[in-house]
Amino acid sequence: MMNLILWAIAFIGHLGSWCVVYNRTHATNWPRKVRKRCEKLIIAAVLLPLFWFAGRVIGQQTISLWDIASNNKLEWIYLFLMLGLGVFFAARWSWRKFQSPPEAIISNRRTLVNVQHELGRNIYQTSLGMILKKIPFNQAHLIAIESMELGVNDLPSELDGLKICQLSDFHLTGQLELAYFGRVVEEANRFKPDLIFITGDLLDELDCLDWIDPVFGQLESRYGTFLIRGNHDLRIADQKLLLQRLESAGMKWIGGQRVSIDIEGTKVFLTGNELPWHTGAETLAPDSLPDSGLQILLTHTPDQIEWARPFNFDLIFAGHNHGGQIALPIVGPIVAPSKYGVLYASGTFEIDQSIMHVSRGLSGDECIRINCPPEVGCFTLRKV
Ligand SMILES: [Fe+2]
């Protein structure tokens with residue numbers, strides 16, 4: 001029994017350390033080709049030791065870690081290093097798991113919509129989409145409407161009750177049919193938001209350029225729909241055309257910019273950060289932020305929190321990590337393209353004075369989601 005526990009801890013250490021490498025690799029702005037090659041190397045690095053030690057267990061007819069590692073110094077070092085890391089990862093996971101939710105969340109309610117059942121037909125398209133559709137428990141065709149009341153310190157009274165809808169990571173590829181995203185828009189509009197924020201990764205395929213009007217062009221908000229781009233938007237070679245089409249659909253692009261909106265006589269300042277994939281935000285200086293009003297940051301990746309810290313934003317909206325897309329029972333997600341691993345895979349966090357919400361997004365490179373339904377974020381701000 002003890003040997004099985006030790007092997008399990010070593011396995012956690014082995015898998016956990018390669019997840020760290022995977023997550024950090026995907027947090028970079030390296031070219032996609034390079035990251036894909038790294039991905040293959042990482043998969044090999046995960047599998048080879050597993051096969052190696054499985055072979056040793058079978059060859060030596062023992063599951064005793066000591067017996068297997070005692071004859072080979074390299075095996076000994078590797079196994080005991082992984083045991084140490086296994087203990088570290090398990091302790092860190094437990095510590096995070098039992099953190100209480102942020103005080104800023106006054107209430108939180110989830111409503112699930114099954115778009116495929118509603119439409120009464122298969123909504124997965126393309127050959128890849130048809131394969132992913134067959135994966136048991138895939139939730140890519142659901143919409144989770146996350147309705148949250150957030151308590152914001154020193155929120156101007158005029159903004160008490162301000163309604164914000166965040167939509168992120170649409171990844172329009174054609175794997176899910178247009179009607180799915182139409183339903184997303186319907187839910188966003190049903191909330192009757194004052195502001196809509198789109199936090200990047202709108203379009204992966206040029207073929208979906210004509211979806212901009214029927215999807216983004218149908219969004220309705222009282223004071224405007226604001227967007228920033230993500231890393232996947234770079235797949236559209238003509239960025240000027242992309243932004244033109246988005247703006248003519250009624251959205252305001254604020255990448256690398258700061259804009260202000262007047263709401264009930266109070267200023268709401270919006271800052272857009274598309275780093276590290278698109279430049280612009282690096283020239284913004286914290287000392288130029290006015291003290292009054294409400295300060296909001298839209299950033300594609302939550303990895304920009306260090307950049308954001310000196311600005312003291314009241315609210316930060318991010319996406320990019322998709323909640324890990326696959327959340328294992330009890331364990332949760334294990335991969336996310338972030339230098340913080342899965343720490344900010346999704347959810348609401350308090351970072352210094354700021355409240356940060358990381359959306360699970362709506363889709364992905366591959367429309368596969370397990371225990372991680374696509375999200376429409378509906379936030380009502382409350383003065384506390
Ligand atoms: Fe994304």
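Just so you know, residue 1 is the first one in the sequence shown, and it goes up from there. All ligand and atom numbering here is 1-based and tracks the order in the structure.
The Fe ion (ligand 1) has no N, O or S atom of Asp365 closer than 2.8 Å. At a cut-off of 2.8 Å, His171 is counted among the residues with an N, O or S atom near the Fe ion (ligand 1).
Taking the centre of each ring, Phe317 and Phe379 come in below the 6.0 Å mark. Under the 6.0 Å cut-off for aromatic ring centres, Trp7 and His14 do not qualify, their centroids lying 6.0 Å or more apart.
A heavy-atom distance below 4.5 Å is found between the side chains of Leu65 and Leu83.
Ring geometry for Tyr344 versus Phe349: interplanar angle over 60°, hence perpendicular rather than tilted (30 to 60°).
Put simply, the angle at the Fe ion (ligand 1) from OD2 in Asp169 to NE2 in His322 is close to 90°, to the nearest 10°.
Among heteroatoms of the N, O or S kind in Asp201, OD2 lies nearest the Fe ion (ligand 1).
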